[in-house]
Visitor: 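Structure in C-alpha cells, see below.
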Amino acid sequence: MNLSKMMSAVLLLCIICIGCSANSNKTEEKETSDSPRIINIINFIRQTDYRVENADSLLFETVQEQVKLLNRYNLPGTFLLQYDALINPLYQDLLKKELNADSEIGGWWEITQPHVEAAGIKWRGEHSWVSHANIAFTTGYSPQEREKLVDVYMAKFKEIFGKYPTAVGSWFIDSHTLAYMHDKYKIVASCNCKDQIGTDGYTLWGGYWNQAYYPSKLNAYMPAQTAKNQIPVPIFRMLGSDPIYQYDQGLGGNRQGVISLEPVYRDSGMDKNWVEYFLESIVNQPSLAFNYAQAGQENSFTWKGMQKGLEMQIPIFDSLRKLNKIKVETLTQSGTWFKEQFDVTPATAVTTLTDIRNEGNKSVWFNSRYYRTNLLWEGTSFRFRDIHLFDERFESQYLNKAGEGGQFFYFTLPIVDGFMWSTKDKKSGLRVMQLEKDGTKKEVLFKNPIVTELAKDVLQVECDDAGGNTFKIIFYENRFEVSCKPSLADFSWVLELTAAPGAELPFQSIEGKQIKAEFRGFKYGITCKEGKAEKSDKVSDYVFRLIPANNKLVLDCTNSL
C-alpha cells in the first residue's frame, strides 16, 4: 500500500473511533468472532449489454481490472457468471488463471438468450440479454422451465470448472428455483437486491432489511418463522443501502433512486465521506448477531464508471480487515458460517447515529424472523417509519406460475409504511403524542437516543424528551415494548399512526387488543399484549392510536390471525 492510501485508511479508522465516542452507545466493543462485521466483494458478470457501446470488450476489461485490484490486496472476492459469460472462453481463462485462490466463482441468475435456448425454451427478448422481469428472471418462466434452466446452467458450470457452484445470486431468485438449486445441487448461499420501489422495474419492499435471512418455501422474499418451512439457503441483501436516506428516495412517486455502496454512485459509493459514514454504522454500531455489507459492482457499469470508487473502497476494506474490524469473505464462506450459527433467521440491527448530511438525522433498523421495524429521528422529531410483519404462509404470486410484464413485485405485510403511505408533504409514521388535559395534543420531541444490546437478540433504545420523561423501546424477536418513566404523574401519551390522504391502508378492524389487516388477500394483524388499540373517528387526523396501560405498550408481532 502506498503512503497516501495508508494515510487515508488510518484517517478512516480515526473517524470511526471518534464517531463511536461521540455517540452514546452503551454496547461493549465486540470481537469480530462474537458479532462479526462481514464484507462480501461480489462482482457479477454479463457477457454483453445492448445499452453499452463496445460492450463485449468493455465488460471483459472491467472484470480484468476487478481481478487485478483484488489480487493487489490479496482480498477474496465472489465472481458470479451469467450464462452468456460462463460459456465465453475469455472469462473461463481469466478466472481460472488470474483469480486468487481465496476467491470463488459462482452463478449470476439473470436469464439470457443462449441460456434459454440451451434449455430448449423459446427466447422472447429483443436482444440476447434484456432487463424485463418476465424474461431476465425466473419469475417469468413456469416451474418446469425454471428447473430446465437450472439443470443446463449447472451442467455447463461443472463441465467448465469441475464442480457445481455453491453461491448463486440475482436481483431476485424465486423460491421454487432456489429450493431446486439447494435440493439437487446443494448451493450454500444466495444474494438478492436491496429493498426498492420500482427501480429498474423491480419492487422488493418490506423484507428483512440488510444482513441475511432464511426464506419461506412459498416466497423467497419472506423470511420463514420455522426451520420446517424455510429453504436452508441464507439470502444476503445486496448493495449496501444508506440506512437513513435510501428509504425516502422518490417519496411520493412510484420509483426510488439509489443511495448505496455501489462505487459508481457519485454521492454515495464513490464518495469517501459517505463510505466512512456508512462503515461507521456497519463496523462499530450495535448490530446484535452480525452486520453485513456487499461491495463490488456489475460489469455493465464499465471500469471507467467504477474505477474511482472501487480503488478508494478496497484499501479501506483491506486496512479494516488487518485490524480485525471486519471479515472479508466470499459469499459461500458467509453462507457456511450463517448455517453453522443459526437454525432459523436471527435478530439483527443496523444502527446509524451519525448523519452524512449533518441534519441531525438518526436511524435504527431491527430485524427478526417475525418482523422488521425502523426508527427515524429527524432532528428531535421521532417516528416509527416502518413496521412490516413476516409470515411464511404468505405465498408469492410467482410460486406456481410465470409472471407477465416488465416488472416483478415482492412484498411483506405492512403495519406502518413510511414510503407507500406518504407524500412529500405528509409523511406516514407512528409517533409519540402527548395528550393534554384540555383534549389537545402535541408531538413528543426527543434528545439523542442511547442504543444498547441487552442480549444477543434484544435491542433497547432509550430517549429523554424535553420534559424529562424517559422512554424505552425494547425489541425482542417476536414483540416490542414501548414504556415511559414520566417526570410528572399526570403525563399522558399514546402512539399515533398518521398517513397521507388517499393512502391505500390494509386495516380491516381496529379495536381492543387487536389490529386486523388484509394485504393482497392475506389476513394478518398485530396484538396488544399490554395496552390497547383505538380507531380514529371520522374527523380525526390519525389512523389509530396505541394507548398504553400503566405507561407501557407491548406489541406482539407473531401473526396469530
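Along the sequence shown, residues are numbered consecutively beginning with 1. The shown structure was predicted, so the numbers you read here are calculated from the model rather than taken from an experiment.
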Visitor: How close do Ser287 and Arg37 get, heavy atom to heavy atom, and via which atoms?
Guide: OG-NH1, 3.0 Å

Visitor: Between Phe522 and Arg393, does the side chain to side chain contact (heavy atoms under 4.5 Å, CB included) criterion hold? Intermediate values first, please.
Guide: CA-CA 9 Å; Phe522 189 85; Arg393 300 169 295 177; 4.1 Å; yes

Visitor: Determine whether Arg372 and Asp195 make a side-chain contact, defined as any pair of heavy atoms from C-beta on separated by less than 4.5 Å.
Guide: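 They are in side-chain contact.
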
Visitor: Atom NZ of residue position Lys308 - does it have more than 12 heavy atoms of other residues, nucleotides or ligands inside 6.0 Å?
Guide: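 Open: at most 12 neighbouring heavy atoms sit under 6.0 Å from NZ of Lys308.
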
Visitor: Are any non-hydrogen side-chain atoms of Ser175 and Leu399 less than 4.5 angstrom apart?
Guide: yes

Visitor: Using atom types as modelled and distance alone, determine if a side-chain donor or acceptor of Glu462 lies under 3.5 Å from a backbone N or O of Lys472.
Guide: no

Visitor: Check the orientation of Phe411 and Phe519. Use parallel for under 30°, tilted for 30 to 60°, and perpendicular for over 60°.
Guide: perpendicular

Visitor: Please walk me through it: do Asp490 and Lys437 pass side chain to side chain contact (heavy atoms under 4.5 Å, CB included)?
Guide: CA-CA 9 Å; Asp490 61 351; Lys437 293 179 180 179; 3.3 Å; yes

Visitor: When the ring planes of Tyr371 and Phe475 are compared, do they come out parallel, tilted or perpendicular, using 30° and 60° as the limits?
Guide: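 Tyr371 and Phe475: tilted rings.
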
Visitor: Classify the angle between the aromatic ring planes of Phe44 and Trp171 as parallel (below 30°), tilted (30 to 60°) or perpendicular (above 60°).
Guide: perpendicular

Visitor: Is the side chain of Gln211 donor-acceptor paired with the backbone N or O of Tyr292 at a distance under 3.5 Å, no angle test?
Guide: no

Visitor: How about Val461 and Phe446: do any of their side-chain heavy atoms sit closer than 4.5 Å?
Guide: no

Visitor: Would you please say whether a donor-acceptor pair under 3.5 Å links the side chains of Asp425 and Thr423?
Guide: no

Visitor: Measuring only between side-chain heavy atoms, which start at C-beta, is Tyr410 closer than 4.5 Å to Met222?
Guide: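 Contact flag for Tyr410/Met222 side chains = no.
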
Visitor: Please confirm whether the ring centroid of Trp274 lies under 6.0 Å from the ring centroid of Tyr265.
Guide: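 No, ring centres 6.0 Å or more apart.
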
Visitor: What verdict does the salt bridge (charged side-chain N to carboxylate O under 4.0 Å, His left out) test give for Glu511 and Lys535, after you've listed the backbone C-alpha separation in whole Å, the side-chain angles of each residue and the deciding distance to 0.1 Å?
Guide: CA-CA 7 Å; Glu511 57 183 342; Lys535 185 179 180 180; over 6 Å; no

Visitor: For the pair Arg383 and Glu378, find out whether any cationic side-chain nitrogen is under 4.0 Å from an anionic carboxylate oxygen.
Guide: yes

Visitor: Drop me the distance from Ser368's OG to Arg479's CZ, to the nearest 0.5 angstrom.
Guide: 11.0 Å

Visitor: So, does Thr203 use its side chain to make a donor-acceptor pair with the main chain of Gly198 at under 3.5 Å?
Guide: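 Yes; at least one donor-acceptor contact below 3.5 Å.
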
Visitor: May I ask you to say whether Glu518 pairs ionically with Lys523, meaning some side-chain N is under 4.0 Å from a carboxylate O?
Guide: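 The answer is yes: the pair qualifies as a salt bridge.
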
Visitor: Looking at Thr352 and Ser281, would you say the former's side chain and the latter's main chain have a donor-acceptor pair under 3.5 Å?
Guide: no

Visitor: Contact between Glu504 and Met420 at the side-chain level, heavy atoms closer than 4.5 Å - yes or no?
Guide: no

Visitor: Would you please say whether a donor-acceptor pair under 3.5 Å links the side chains of Glu443 and Ser381?
Guide: yes

Visitor: For the pair Thr345 (side chain) and Tyr213 (backbone), establish whether a donor and an acceptor sit closer than 3.5 Å, ignoring hydrogens and angles.
Guide: no

Visitor: Under a 3.5 Å cutoff, is there a donor and acceptor pairing between the side chains of Asn478 and Thr558?
Guide: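 Distance-only check fails for Asn478 and Thr558.
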
Visitor: Do other residues, nucleotides or ligands put more than 12 heavy atoms under 6.0 Å from the CD atom of Glu436?
Guide: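 Yes, CD of Glu436 has more than 12 neighbouring heavy atoms, counting only those of other groups under 6.0 Å.
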
Visitor: Heavy atoms, side chains only, cut-off 4.5 Å: are Leu495 and Leu497 in contact?
Guide: no

Visitor: Apply the test salt bridge (charged side-chain N to carboxylate O under 4.0 Å, His left out) to residues Lys532 and Glu534: give CA-CA distance (whole Å), side-chain angles for both, the deciding distance (0.1 Å), then the verdict.
Guide: CA-CA 7 Å; Lys532 65 180 181 179; Glu534 178 182 86; 5.4 Å; no

Visitor: Might you work through the salt bridge (charged side-chain N to carboxylate O under 4.0 Å, His left out) test for Glu496 and Arg431, ending with a clear yes or no?
Guide: CA-CA 5 Å; Glu496 199 169 87; Arg431 293 173 172 83; over 6 Å; no

Visitor: Measuring from Leu239:CG to Glu298:CD, what's the distance to the nearest 0.5 Å?
Guide: 8.0 Å

Visitor: Between the main-chain N or O of Leu59 and the side-chain N or O of Arg46, is there a donor-acceptor pair closer than 3.5 Å?
Guide: no

Visitor: Do Thr498 and Asp541 have a side chain donor and acceptor closer than 3.5 Å?
Guide: no

Visitor: Would you please say whether a donor-acceptor pair under 3.5 Å links the side chains of Asp355 and Tyr245?
Guide: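 Yes, Tyr245 and Asp355 have a side-chain donor paired with an acceptor closer than 3.5 Å.
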
Visitor: Any side-chain donor-acceptor pair under 3.5 Å between Tyr524 and Asp391?
Guide: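 No.
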
Visitor: Spell out, as yes or no, whether a donor-acceptor pair under 3.5 Å connects the side chain of Thr62 to the backbone of Trp303.
Guide: yes

Visitor: Quick one, Phe480 and Phe366 - any side-chain contact, counting heavy atoms below 4.5 Å?
Guide: no

Visitor: So do Ser428 and Phe419 actually touch side chain to side chain, heavy atoms under 4.5 Å?
Guide: no

Visitor: Assess, by modelled atom type and distance only, whether the side chains of Asp242 and Tyr277 contain a donor and an acceptor separated by less than 3.5 Å.
Guide: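 Side-chain D/A pair, Asp242 to Tyr277: present.
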
Visitor: Could you verify whether a donor N or O on one side chain and an acceptor N or O on the other, from Trp493 and Asn551, lie under 3.5 Å apart?
Guide: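 A pair is found: one side chain offers a donor N or O, the other an acceptor, under 3.5 Å apart.
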
Visitor: Looking at Arg369 and Gln225, would you say the former's side chain and the latter's main chain have a donor-acceptor pair under 3.5 Å?
Guide: yes

Visitor: Would you say Asn43 and Gln297 are linked by a side-chain donor-acceptor pair, where the criterion is simply a distance under 3.5 Å?
Guide: no

Visitor: Under 6.0 Å between ring centres, would you say that holds for Tyr247 and Trp205?
Guide: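 Aromatic pair counts; centres sit under 6.0 Å.
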
Visitor: Given side chain to side chain contact (heavy atoms under 4.5 Å, CB included), test Trp209 with Asn374 step by step and report yes or no.
Guide: CA-CA 9 Å; Trp209 200 87; Asn374 177 237; over 6 Å; no

Visitor: What class does the angle between the rings of Tyr50 and Trp129 fall in, given that below 30° is parallel, 30 to 60° is tilted and above 60° is perpendicular?
Guide: tilted

Visitor: Is the backbone of Trp109 close enough, under 3.5 Å, to the side chain of Ser170 for a donor and an acceptor to pair up by distance?
Guide: yes

Visitor: Lys194 and Val258: which non-hydrogen atoms are nearest, and at how many Å?
Guide: CE-CG1, 4.1 Å

Visitor: Taking ring pair (Phe, Tyr, Trp, His ring centres under 6.0 Å) as the criterion, tell me which of Trp108, Phe172, Phe408 meets it with Phe137.
Guide: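 When Trp108, Phe172, Phe408 are each tested with Phe137, the ring pair (Phe, Tyr, Trp, His ring centres under 6.0 Å) holds only for Phe408.
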
Visitor: Would you please say whether a donor-acceptor pair under 3.5 Å links the side chains of Arg266 and Ser268?
Guide: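 Checked: Arg266/Ser268 side chains show no N/O donor-acceptor pair below 3.5 Å.
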
Visitor: Quick one: CZ on Arg385 to NZ on Lys427, what's the gap to the nearest 0.5 Å?
Guide: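 Output value for this atom pair is 8.5 Å.
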
Visitor: Atom NZ of residue position Lys513 - does it have more than 12 heavy atoms of other residues, nucleotides or ligands inside 6.0 Å?
Guide: yes

Visitor: To the nearest 0.5 angstrom, please state how far the CG atom of Asn361 sits from the CH2 atom of Trp377.
Guide: 11.0 Å

Visitor: Looking at CD1 of Ile38 and CG of Leu331, how far apart are the two atoms once the value is rounded to the nearest 0.5 Å?
Guide: 10.5 Å

Visitor: So which atom in Ala293 and which in Leu261 form the shortest heavy-atom distance, rounded to 0.1 Å?
Guide: CB-CD2, 4.3 Å

Visitor: Going from CG on Leu218 to CD on Glu395, what distance comes out if it is rounded to the nearest 0.5 angstrom?
Guide: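 It is 5.5 Å, given to the nearest 0.5 Å.
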
Visitor: Are there more than 12 heavy atoms of other residues, nucleotides or ligands under 6.0 Å from atom CD of Glu53?
Guide: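 It does not: Glu53 CD has 12 such atoms or fewer within range.
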
